[in-house]
There are 2 protein chains.
Amino acid sequence: MYDLFFQKLQEKVPLTDQEREQIKSYLTPKKLRKRQYLLQEGEVCKAIAFVEKGALREYSVENGSEHILQFAIEGWTISDLFSFLTGEQATYNIDALEDAELVLITRSAHEELLKAQPKYETYMRLLITGAYIALQRRLTSNISLPVEERYTSFTEMYPDIAQRVPQHMIASFMGVKPETLSRIRKKMADQK
Amino acid sequence: MYDLFFQKLQEKVPLTDQEREQIKSYLTPKKLRKRQYLLQEGEVCKAIAFVEKGALREYSVENGSEHILQFAIEGWTISDLFSFLTGEQATYNIDALEDAELVLITRSAHEELLKAQPKYETYMRLLITGAYIALQRRLTSNISLPVEERYTSFTEMYPDIAQRVPQHMIASFMGVKPETLSRIRKKMADQK
DNA sequence: AAAAACCATTGACTTTTGTCAATGAAACGG
DNA sequence: CCGTTTCATTGACAAAAGTCAATGGTTTTT
């Protein structure tokens, strides 16, 4: 249990058996069925979720249409960090695209781990740093590249996600309408 | 010297006088003239820069046109984090929009501080967490809001930057052409 | 003080993306 | 297994953004 979680953690921060057991004692397992919410807009985000199995998405709703901020499959972490850290209402929804098994770090677990185990803080720092860099790149490609190139770089960067997730969600992730993505794919196929 | 730097630092992590002096010994001051580069694409980013005074921008160049990833004025921090942490070539440029005074944390200072002073690690974690949350919001508004609303929320969120920076750079930051922003401003003025 | 560079605005036109509606295929649930 | 839902595609048209070129006002430089 928690295998993937500790594998990812130890890639960044080596742990002794004792430290692993210590951290393990703060974690909570959770299963989610397809279409089930982990978080709904307006609630307070109660945990950071690590995906052991399955696939989730985080999205906001604006004028009735959904905009996907993030996907998370095995090995990824997902949360509304702002709501989690401040206790304010969440502005994002998180739900399961497939049946999923999660490892949850609740707010109190998070705070106690930060105090009790310096390596946890280091892991958090590295985790967020990586997420920040990835997000910077995504934003850069969003403001500087045409949709077609954004789409190819997405499928190259995340081929696994591109296969598991319906196309209209990838369009939503890229910030375009499904029809637009469909036409771009057609154009790319024709060119070839 | 370093007044603003320590003010911002101590807002997040209280320090004793001794800790402050310790950290101070790792910092490097630097002045930059308007238009001068702190970092050019292809170089390795040698420092994280905190802005004591002045204004900088970070941008990438794609097909001859510039795309601004970030502005940084007094109290902000700017860097090509990926290049800084990995030693790989930078993909961004950073230069001064006004004469500026910076506080630099070099790579070796960063590494030594992480080892020597846990509060530095905590500060870094909080700093990046805040930056990450801000970036998530920006991306969300980029994929979900029409340009006009993005512009108003920008000027409301960062009125100081909106005033100090030429309009075509704000357009670049928002991912549209200067003509488009000009027309949107006109439309907004007419409506009122 | 004059020349040069930079900047915002505007117009005419093109390209890209969105909207609405319809169709057929595939996936899903009972 | 059948009916329902979800999904991707396509067409016709509308709206938004980009391109190119010109203008006039600032600011900067010499």
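Order of the sequence lines fixes the chain letters, A, B, ..., with proteins taken first and strands second; residue numbering starts at 1 for each chain. These numbers come from a predicted model, not from an experiment.
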Could you list the donor-acceptor pairs under 3.5 angstrom formed by side chains in residues 109-116 of chain A, with sequence neighbours left out?
from	atom 1	to	atom 2	distance (Å)
A/His110	ND1	A/Tyr120	OH	2.8
A/Glu111	OE2	A/Arg107	NE	3.2

Give every donor-acceptor pair under 3.5 Å between a side-chain atom in residues 25-36 of chain B and any protein atom, sequence neighbours left out.
from	atom 1	to	atom 2	distance (Å)
B/Ser25	OG	B/Gln22	O	2.6
B/Gln36	OE1	B/Arg33	N	2.8

Distances under 3.5 Å only, N/O to N/O: pair up the protein atoms with those of nucleotides 20-25 of chain C.
from	atom 1	to	atom 2	distance (Å)
C/dC20	N4	A/Glu179	OE2	3.3

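Here the C1' atom of nucleotide C/dG18 and the CD1 atom of B/Ile143 are 16 Å apart, to the nearest Å. Atoms CD (B/Glu98) and P (D/dT27) sit 15 Å apart, rounded to a whole Å. Atom CD1 of A/Ile184 is separated from atom P of D/dT9 by 12 Å (rounded to the nearest Å). We find that CD of B/Glu66 is positioned 14 Å from C1' of C/dC7, with the value rounded to whole Å. Here the P atom of nucleotide C/dG18 and the CG atom of A/Leu181 are 10 Å apart, to the nearest Å. Whole-Å rounding puts the A/Lys177 NZ to D/dA17 P distance at 13 Å. In this structure, B/Arg185 atom CZ and C/dT9 atom C1' are separated by 10 Å, rounded to whole Å. For the pair A/Glu149 CD and C/dT17 P, the interatomic distance rounds to 11 Å; values are reported in whole Å.
When each of B/Lys34 and B/Val147 is assigned the nucleotide of DNA chain D bearing its nearest heavy atom, the one mapping closer to the 5' terminus is B/Val147. When the nearest nucleotides of DNA chain D are assigned to B/Arg35 and B/Pro146 by heavy-atom distance, the more 5′-ward of the two goes with B/Pro146.
One finds a side-chain N or O of A/Thr180 lying less than 4.0 angstrom from the OP1 or OP2 phosphate oxygen of C/dG18. One finds no side-chain N or O of B/Lys186 lying less than 4.0 angstrom from the OP1 or OP2 phosphate oxygen of C/dT9.
Taking the salt bridge (Lys or Arg N to Asp or Glu O under 4.0 Å) definition, one finds that B/Glu149 meets it with nothing, sequence neighbours left out. For A/Tyr92, the ring pair (Phe, Tyr, Trp, His ring centres under 6.0 Å) test picks out no residue, with sequence neighbours left out.
Using a 4.5 Å cut-off on side-chain heavy atoms (C-beta onward), A/Lys53 and A/Glu74 make contact. Between B/Tyr151 and B/Val176, the closest side-chain pair of non-hydrogen atoms is not below 4.5 Å. Under the 4.5 Å side-chain criterion, counting only non-hydrogen atoms from C-beta, A/Val165 is not in contact with A/Phe173. Using a 4.5 Å heavy-atom threshold, the side chains of A/Leu38 and A/Asp95 count as separate.
Contacts of residues 167-175 of chain B with DNA chain C (heavy atom under 4.0 Å): B/Gln167, B/His168.
B/Phe5 and B/Phe50 have perpendicular rings, their planes meeting at more than 60° on a 0 to 90° scale where under 30° would count as parallel.
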